[in-house]
Amino acid sequence: MEKYNHKNIEAKWQKYWSEQPELYTAADESGKDKQYILDMFPYPSGNGLHAGHVESYTATDIMSRYLRLKGKNVLHPQGWDAFGLPAENYAIKTKIQPAITTRQAVATFKQQMKMMGFSYDWSRELNSSEPDYYKWTQWFFLLLYKNGLAYKKKAKVNWCASCQTVLANEQAEGGVCERCGHPVTQKDMEQWFFKITDFIEPSFAKATEAKERITSGLLDGLNKVDWPESTKAAQKNWIGKSEGAIIKFSIFNFQFSNKSQKPNGQKYFEVFTTRVDTIFGCTYLVVAPEHKILNELKLRIKNWPEVEKYLEQSNKKTDLERMESKEKTGVELKGIKAVNPFNGQELPLFVADYVLAHYGTGAIMAVPAHDQRDFEFAKKYNLPIKQVVKPKDVLRSVVVGITVEERFKEELKRNGIKFEVGLSKNKREHIRVILGKKQIEIYIKLAQTYLKPDSWVEIIGSENIFIFKDRVIKNFSFNDKKILNICQKFEPLVKHYKSLWEMLEANLFYQGWICYVDDGVLVNSGEYNGLTSAEAREKMTEWLEKEKVGRRKINYKIRDWLVSRQRYWGAPIPIIYCRKCSEISNNQFPISKQIPNPKNIKFQTTIFDGEEYAMIPVPEKDLPVKLPTDVDFMPTGQSPLVNSESFHKVKCPVCGSKARRESDTMDTFVCSSWYYFRYADVQNKKEFAGKEMIKKWLPVDLYVGGAEHTVLHLLYARFFTKVLHNLGYIDFDEPFLKLRHQGIILAEDGRKMSKSLGNVVNPDEVVKQYGADALRLFEMFMGPLEDMKPWNTRGIIGQVRFLEKIWQFYHKVKLTDCGGGANKPCENVPEGMPRLLHKTIKKITEDIEALRFNTAIAQLMIFINFASKAETMPQAAAEKFLILLAPFAPHLAEELWANIKSPLPPFAKGGSHSIFKEKWPEYDKNMVKNETINLVIQINGKTRDMIKVSADISEAEAKKLALASEKIKKWLVGKEAVKIIFVKGKLVNIVIK
RNA sequence: GCAGGCGUGGCGGAAUUGGUAUACGCGCUAGCCUUAGGAGCUAGUGGAGCAAUCUAUGAGAGUUCAAAUCUCUCCGCCUGCACCA
């Protein structure tokens, strides 16, 4: 018998497939149901494919092949996210044009993908760095600009003083320059932004022809897609919605003490808070160093030189320093007081860099008793701490301190309470108390290192709150029955320590020794006393609005998307700066039929060196704005494009006078925000994609890619989709219906694969040694798609054995036709084979649809393990098994298929066809049910016997048989069966006393 | 700190409408075959025990005839975000 030779087989079929591209082509004309199966398009790095690529591409390949066999019209494209920094950095080093290195890398990637047998529709290949693609990236920029969704403003960017260049956030991780290790500082520069913040909440359509349409927001849209919970959570977290209130604090009127009095136009400033309920505990206010009020009040601040010095210091601070020093610093603004509108109290004002300028109003009301950061600051600068919220329902309390620790232990012993002393992960000692039979545990953390003598731990009623030196650590609740139990058991202790608790409560809790951050009940808050935090927030906000000293406000952490990059290897921003046009009022956009401008948005202008320039969009007919090749890649602090005269010297498309082209390029995330539209209509020269084709193929049915893109790429792509929906281009507002992330494949040593550790698995080597089919199977068999899994080279042997086993079986087995297909019992065919085949069809069909490829492969193995013992097999069964195998190991399946269907070389005489033109087998419902089962007989839930019975055995019969069993009788001697449970088709459980 | 997730043999993992725990694979053990084997074949393989049997899904409790699966608490690990008021 010929040996299984993966090299010959795989090469042969890859050649065949490339000669028959229609096997994998998505048919624009077909009336069949469509399925759009998409991989996140890769960045073609010089290193080629890695194990993680292979994992996710194999998964989508199996899915695509399966769906085609199921008769679906499948769109499964691939392309290249080809702009980006590595290619440019390489160019700086070697002076080789990024376009050249990129093309080489693409060729490698593509060759490797073909080597893996992936069934991409290569007729739809795209490359984001090619002009026919980035033409449309630029078109999108103009679309946003003309709809007021792209704008320019000053912003802080990462700046490396050593490299003289702007850095992307990813290049400035940890606050140091990726290239030279120099600390990164913040520098103000004019930057382009996309208004992603317009799409957080649902919005009404802007396009004229779609008046009634509502576009779902980035938040609520998540509710209608099938995505991993963690990804949805990460997006929500990133958007960072918090509901609270803006409160106006008046500054000049020191007499402002009557709360019915209005601020009457006095100078005031606003703070944002989510905890209005704590406002009576506000003892000072803080503004960020960048807050504009500082300049306005400059003359009134008595210690201005000191303040100015502080501002300089904090401005100089790098991100790294700000991150490293958690120590809070600040300076009081002497001579300035602000007034709390609720009680008229005059409060000091501080500037401190623990307050962020870009969040909320850049100013806060500080409530040290109920906010950890304010607490730290107040402690440091000796500011008053005023308790206004206390935990609710204080029933009982037990107080334990370090000085009484031994006493406490003795007390426990004396009361017969079992306990053990352990260390938690923070090395805090705790006592675990076990109460009675029910074994309720209470962890009493003694935490010597955190507790001063006579500080304490409190157990209160429904909540158990551990309070350390300065804050509440944790709470948890018991149900009522348990509380009672605890209280009874702790009675003696409670008596013993109660007085100490009361003393401490009076002395500590209400005098600022601790910081209680949770909701509770209000105290020291005038008419609001006794309300819960939630009630108080509601009432106080109403009052603010009534008195016009504040309002309800929702704040978001997310900021507009900074899209400009001072870089070469990206899509140029299609804008032209014209001095002359800035003087003409009522500028109209250059003629553009494609991009509507329903609001008649005018050109924005910007200032360079004191001169105003109009920002003219490049007319559509002049797109793409191509990247020049006469550039020097050395970093100079500006985009390398600035050096190219031919690039930036242009005539204004509106007035024809001398003008200058924008030299910034776009973030690569812009390119990847819309590529999934392009696949639907990749050849289109008139539109980014034709309406009909979008309608036909989009949205994406299954999207698979790395979890590193949970936030940015997916959020930006959703934003683009919402913009298009909002402007009436498309009729859906979420691009990816179902999303899954492949888990990271770790190296054999359990660490991340990385070049520096030298533990990277190279797919080329693996394929050379074991074959693509083996690698595909192995990566799918390792475990669930989404789990993190370590590579294990030995494990791949198992897959090679599996493939060889199939090979050998198909070469030695005698195929028979018993005249009735796969189901009929045949001579010499093992009895269970037809049923096993149908079970296998069912299992594999269901597993593929749920992306459980590991268990699908296990089922293939079970079948072949069983079948390989047989000498004969029905022809129909042999064919069906190969079809089941085909999505997983396409090369071997084609080879064996050709073998059993027609003589090799394949289909040469038109005798047969590729296995991928076959139909996915259906299973017979009656055949997947067992005729007989092993009826499990349990006694008190423990299996004691098993008997082979008919699957549809009746309850009475089953019980009779169970009681008649010899093994069971033994257990029933002298016992009485109280109850007998019968589960149809499964078991009998006899309950005895 | 906040959010999401995880914890099952020597290893990767199966089994979650509660119903035979450890499918499938790797590894390991024994035997066969072979000049040889990091090849192949056969059998075995959670732990303890000669056996009957007992015992085991991070720990403990609860619900149930029955819990890896549901509830609660604790412990440990991973991922993302984080001075976001």
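What you see is a predicted model; the values in this text were computed from it and never measured. Convention: sequence-line order gives letters A, B, ...; per-chain numbering from 1.
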Original post:
How long is the span from the CG atom in Asp374(A) to the OG1 atom in Thr278(A), to the nearest 0.5 Å?
Top reply: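 OG1 of Thr278(A) is found 8.5 Å from CG of Asp374(A).
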
Subject >> Test side-chain contact (heavy atoms from CB on, under 4.5 Å) applied to Lys970(A) - qualifying residues, sequence neighbours left out >> reply: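 Scan of Lys970(A) (side-chain contact (heavy atoms from CB on, under 4.5 Å), adjacent residues dropped) gives none.
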
**OP:** Kindly write out the residues that satisfy side-chain contact (heavy atoms from CB on, under 4.5 Å) with Glu804(A), not counting sequence neighbours, or none if the list is empty.
**Re:**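 By the side-chain contact (heavy atoms from CB on, under 4.5 Å) rule, Glu804(A) matches Tyr4(A), Val800(A).
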
Original post:
CG of Leu714(A) versus P of C81(B): gap in Å, rounded?
Top reply: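 So the two atoms are 14 Å apart, to the nearest Å.
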
**OP:** Find the distance Phe853(A):CZ to A14(B):P and express it as a whole number of Å.
**Re:**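 That distance rounds to 14 Å.
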
Holding to ring pair (Phe, Tyr, Trp, His ring centres under 6.0 Å), I want the full list of residues that pass it with [X], two or more places apart in sequence or in another chain.
{"X": "Phe982(A)", "result": "none"}
{"X": "Phe778(A)", "result": "Trp791(A)"}
{"X": "Tyr716(A)", "result": "Trp561(A), Phe669(A)"}
{"X": "His291(A)", "result": "none"}

Original post:
Does a side-chain heavy-atom distance below 4.5 Å link Ile796(A) with Gln769(A)?
Top reply: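 No. Closest side-chain heavy atoms not under 4.5 Å.
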
For [X], report the nucleic acid contact type (base, sugar-phosphate, nothing); a contact means any heavy atom under 4.0 Å.
{"X": "Thr710(A)", "value": "nothing"}
{"X": "Trp791(A)", "value": "nothing"}
{"X": "Arg944(A)", "value": "sugar-phosphate"}
{"X": "Lys942(A)", "value": "sugar-phosphate"}
{"X": "Met788(A)", "value": "sugar-phosphate"}
{"X": "Pro228(A)", "value": "nothing"}
{"X": "Asn854(A)", "value": "sugar-phosphate"}

Original post:
At under 4.0 Å, does any side-chain N or O of Ser242(A) touch on OP1 or OP2 of A85(B)?
Top reply: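 So the side chain of Ser242(A) is within the cut-off, an N or O lying under 4.0 Å from OP1 or OP2 of A85(B).
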
Original post:
Think Lys789(A) has a side-chain N or O under 4.0 angstrom from the OP1 or OP2 of G12(B)?
Top reply: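 The answer is no; no side-chain N or O of Lys789(A) sits under 4.0 Å from OP1 or OP2.
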
Original post:
Which stems, defined as runs of 3 or more consecutive Watson-Crick or G-U wobble pairs with both pairing distances under 3.5 Å, involve RNA chain B?
Top reply: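 If one scans RNA chain B for consecutive Watson-Crick or G-U pairs, the stems found are B:1-7 with B:75-81, B:10-12 with B:24-26, B:27-32 with B:40-45, B:46-48 with B:53-55, B:58-62 with B:70-74.
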
Subject >> Distance, P atom - from C75(B) to C24(B), rounded to whole angstrom >> reply: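 38 Å, rounded to whole Å.
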
Original post:
Quantified in whole Å, what is the C1' atom distance between nucleotide C32(B) and nucleotide A59(B)?
Top reply: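 The answer is 47 Å between these two C1' atoms.
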
**OP:** Let me have a per-nucleotide readout for nucleotides 25-47 of chain B, 5' to 3', with B, S or -, counting only protein heavy atoms under 4.0 Å.
**Re:** SSS------------S-------

Could you give the side-chain donor-acceptor pairs of residues 859-868 of chain A under 3.5 Å, partners two or more places apart or in another chain?
from, atom 1, to, atom 2, distance (Å)
Gln859(A), NE2, Thr840(A), OG1, 3.1
Asn865(A), OD1, Lys805(A), NZ, 2.9
Asn865(A), ND2, Met861(A), O, 3.4
Ser868(A), OG, Ile864(A), O, 2.9
Ser868(A), OG, Asn865(A), O, 3.2

Original post:
Is any N or O donor-acceptor pair between the side chain of Lys328(A) and the base of C83(B) shorter than 3.5 Å?
Top reply: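 Answer is yes: a donor-acceptor pair is held.
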
Original post:
For residues 271-285 of chain A, which residue pairs qualify under salt bridge (charged side-chain N to carboxylate O under 4.0 Å, His left out), counting only residues two or more places apart or in two chains?
Top reply: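 Of all non-adjacent pairs touching residues 271-285 of chain A, those that pass salt bridge (charged side-chain N to carboxylate O under 4.0 Å, His left out) are Arg275(A)-Asp277(A), Arg275(A)-Asp519(A), Asp277(A)-Arg537(A).
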
**OP:** Could you name each residue pair satisfying salt bridge (charged side-chain N to carboxylate O under 4.0 Å, His left out) that touches residues 231-245 of chain A, not counting sequence neighbours?
**Re:**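 Sorted result for residues 231-245 of chain A: Glu201(A)-Lys241(A).
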
Which atom pairs link the protein and nucleotides 19-21 of chain B when you take only N or O atoms and keep those under 3.5 Å?
from, atom 1, to, atom 2, distance (Å)
G19(B), N2, Gln938(A), OE1, 3.3
G19(B), N2, Asn989(A), ND2, 3.3

